[in-house]
Amino acid sequence: MNDLRIINMEKRYKSAQPREENSFMLRPVRLAIREGEFFSLLGPSGCGKTTLLKLVAGLLEADGGEVWVGDENLTNVPPESRRFAMVFQQSLLFPHKTIEDNVAFGLKMQKVGKPQRLKAARGMLEHVGLSGFGSRFPDELSGGQQQRVALARALVANPRVLLMDEPFSALDPGLRVEMRELLSRIQKEFRVTVLFVTHDRDEAFALSDRIAVMGDGKLQQVGSARELYECPETTTVASFLGLRNILGGVIENGHFASTDQLIEAAVNRPLANGDYFMIIRPEALKTTESDQSGHVRIQGIVQEMKYSRGMYSLKVKAGHQFMECVLTISQAEKVAVGEPIDLFVDTKEVWFIKK
Amino acid sequence: MWRKSKPYLLLLPAAAAIILLFFGGIFDGLLKSFGYFPAIGQTELNLAAYDRLLSSDAFWKSLTLTLRIAALSSLLSAIIGALVAIALFFLNDAMKTTSPKVWHRLFQLPLTIPHLVTGYIIVLLFMQSGFVSRILAAIGWIDDIADFPVLVNDTFGWGIIFTYAWKEAPFVALMLYPVLSRIHGSWREVSRVFGAGNWQFIREVVMPVMMPAWMVATFIIFVFTFSAFEVPYLLGVTYPSVLPVYSYQLYTSGTLADRPEALAVNMILAAITILLGLVAYYFSKRWNVLKGWG
């Protein structure tokens, strides 16, 4: 198996001012990415995800740690010999080469003969939906098309690992969705291992088999999209994933009480006594519930209502806490800003994080 | 009407002087090269001067020498200039913290020195009784300063070629550097990820990107060295001499009868220069259609 293994990779950047020690630091990262897996590094800007990607590519020199593919140690192998490929935020096509020559660049570097590499390039261009564009120059293509060429260039040399650094962030939203679908289809078709960097949750969720959430220069949590969203391990991960209904409180003998006395509920999982955060997903909050057993009621006042894509997002003030919830249009019809509202949540759907 | 033509009218005195002196001079030279020379009583137009010139051995030797010196000078300048530009480019990359400005300035220095001064410097340095020769003799590399090879006022024209190489290489570097600095820093990363080492990067990206400017710069040097006078006059030998010097020799030979020939040399020089200029223009236009620099 040609798994990609990152073993305790770390990087320190010296700060410009000598007084301050290590202005930024990527703490040792340990990851194993399976062959053919689509793995995303998700995190806010400046969290170290691009640094990690460049360390894996060999474009940055690590201050420690190793990179392995299968049983080959690539730590001291220069990037040009790693047989990786990369797609960057900009397409970075060579303007003096035609599209075909751009795509065939990696193969040319591998000393593949001209007829063969051009044939491969044309084939790959067809896969990304650009057949017939081969003899044009990059500036004759739109941004989305250029990024497809960059994808074709990365895939044509049959790389061991495809590294992608926010490849769609410079595209407009419609195109981004289209590119996601294309990438997803092609990744499955070629069974290529992908390490994908993004700050866009939806993008990571839509594409990835597994996701690593990064923050403050370290790995926060690794898991599938559902695991991360439903069972975040820290409040940092929870809030980055958009779970902002976080209530501090105490669990005693299987019973949770929030610090502001807003919620008291039975805990339906065996958790030791102590201080906890209760996480309530916005979708888990409902306005009506026919069967109210096992549900907690939260009373509040609607502060804000926003319409987005067939749903209403509500901001509700309950005690001193603001809660976010999502309502269908029919549910929202009975609600108005400034009016009191009753929200119900199934205790099975809440999640607890130890403080 | 007045507002539209005012700028032209204001330019008229300067333009008139230029047109009169430049085109007037050329036209006068052209007429005289065709044998129209009232001072010695000739008012007929003929091709006798050209005829004599093209059948003379001295002219062909001079033309060969001129072409050889121009070709070697521009080739040498082009190669040195390109190496300097690439070196500065990688230096810039490697020295992100300390400023490489000192190096840039150093390579700009020759641009500020006139050709004539450079010619004298080369003479002082490289003639047999010159600075380099004396130093080599003093440290015992050569027994006598007469053992130093004849590099100045030599029949091959090495002195001229050295002068031009020293003067024009920085010009080539100056033309190339801005082009190279347009090379995206990330292209190096891209090419590395896709398997290109340093040399392949230079061959696949750096060279093609700088090729158009490089060719144009080399053409400019060729055309310039082909028709320049002062350096070969200072550093060349009396025979064979380059075309501009040959023309000067004919013109000042003492007999007015040689003057049509001297001016015919100039006309041929001008014709070849214009032809080369057109070729350079054609190629620069072709290369400037390079895509993707938008």
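Because the structure is a prediction, the values reported are computed rather than measured. So that the names make sense, note that chain A is the first sequence line, chain B the second, and so on, each numbered from 1. Values below: every heavy atom of this structure, side chains too, minus hydrogens, waters and symmetry copies.
- Ranking A:A150, A:G58, A:A154 against chain B, the residue ahead of the rest is A:A154, based on heavy-atom pairs under 4.5 Å.
- For a residue to count as touching a neighbouring chain, one of its non-hydrogen atoms must lie under 4.5 Å from one of that chain's; by this rule B:Q200 touches chain A with the side chain only.
- If you measure heavy-atom distances from A:R153 to chain B, the contacts under 4.5 Å come from both the backbone and the side chain.
- Under the 3.5 Å distance criterion, with hydrogens and angles disregarded, no donor-acceptor pair is assigned to the side chains of A:T193 and A:E35.
- Neither the backbone nor the side chain of A:A157 comes within less than 4.5 Å of any heavy atom in chain B.
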- request: Go through the steps for A:E80 and A:R82 under the test salt bridge (charged side-chain N to carboxylate O under 4.0 Å, His left out), then give the verdict.
  value: CA-CA 6 Å; A:E80 52 265 39; A:R82 290 192 180 190; over 6 Å; no
Please tabulate, for the side chains in residues 105-116 of chain A, all donor-acceptor contacts under 3.5 angstrom to protein atoms that are two or more places apart in sequence or on a different chain.
{"from": "A:K108", "atom 1": "NZ", "to": "B:E204", "atom 2": "OE1", "distance (Å)": "3.2"}
{"from": "A:K108", "atom 1": "NZ", "to": "B:E204", "atom 2": "OE2", "distance (Å)": "2.8"}

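- With sequence neighbours left out, the side-chain hydrogen bond (donor to acceptor under 3.5 Å, both in side chains) criterion links A:R185 to no other residue.
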